[in-house]
Amino acid sequence: MGHIVDPNLLAVIQSLKPYMSNRALQCTEVAETLLEILASEQARRVQEKLQSLRQEYKMAVQAAKAKKPGDK
């Protein structure tokens, strides 16, 4: 399964730190923490479950479209 967030994004953000203001550094810390959360095993499990629900929904929509109004 793919990543929710490209792992290279964190490296890019960190490489820009020397050029950032204090406020930008604070925002960067928040972004880094969010990336860590999104890279966690729990986030991967949530993504898998959401993808499963999406697939089930797609199948239900296709089945409903295939069923004609007069069908029972």
Side-chain angles (χ1 to χ4, degrees):
M1 171 174 280
H3 297 280
I4 294 175
V5 176
D6 185 343
N8 296 318
L9 182 59
L10 184 57
V12 170
I13 290 172
Q14 290 173 335
S15 71
L16 297 173
K17 280 185 174 183
Y19 309 102
M20 294 181 183
S21 66
N22 284 337
R23 183 68 164 170
L25 284 171
Q26 289 174 330
C27 292
T28 299
E29 288 178 8
V30 170
E32 288 174 335
T33 303
L34 287 171
L35 290 174
E36 289 173 9
I37 290 169
L38 292 173
S40 71
E41 180 61 30
Q42 292 86 351
R44 280 191 280 277
R45 288 198 314 259
V46 168
Q47 181 187 27
E48 289 171 4
K49 290 178 188 304
L50 287 172
Q51 286 176 336
S52 176
L53 285 172
R54 183 174 181 232
Q55 186 62 30
E56 289 175 21
Y57 173 76
K58 281 182 168 182
M59 291 173 59
V61 168
Q62 288 175 349
K65 285 181 180 179
K67 187 175 181 182
K68 296 184 178 138
D71 291 348
K72 295 196 181 207

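In what follows, residues are counted from 1 in the order of the sequence shown. All values below come from the heavy atoms of this structure, side chains included, with hydrogens, waters and symmetry mates left out.
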Atom [atom1] in [X], atom [atom2] in [Y]: separation rounded to 0.5 Å?
X     : Y     : atom1 : atom2 : value
Ser40 : Glu36 : OG    : CD    : 10.0 Å
Thr33 : Leu38 : OG1   : CG    : 11.0 Å
Leu35 : Glu32 : CG    : CD    : 7.5 Å
Leu53 : Gln51 : CG    : CD    : 10.5 Å

* Could you tell me whether the side chain of Thr28 and the main chain of Ala24 form a donor-acceptor pair under 3.5 Å? => yes
* Structure fact -> In terms of heavy-atom contacts, Ile13 and Ala31 come closest through CD1-CB, 4.4 Å
* **Electrostatic pair Arg45:Glu48 at N-O distance under 4.0 angstrom** => no
* Checking side-chain contact (heavy atoms from CB on, under 4.5 Å) for the pair Glu56/Met59: CA distance, chi angles, key distance, verdict? -> CA-CA 5 Å; Glu56 289 175 21; Met59 291 173 59; 5.7 Å; no
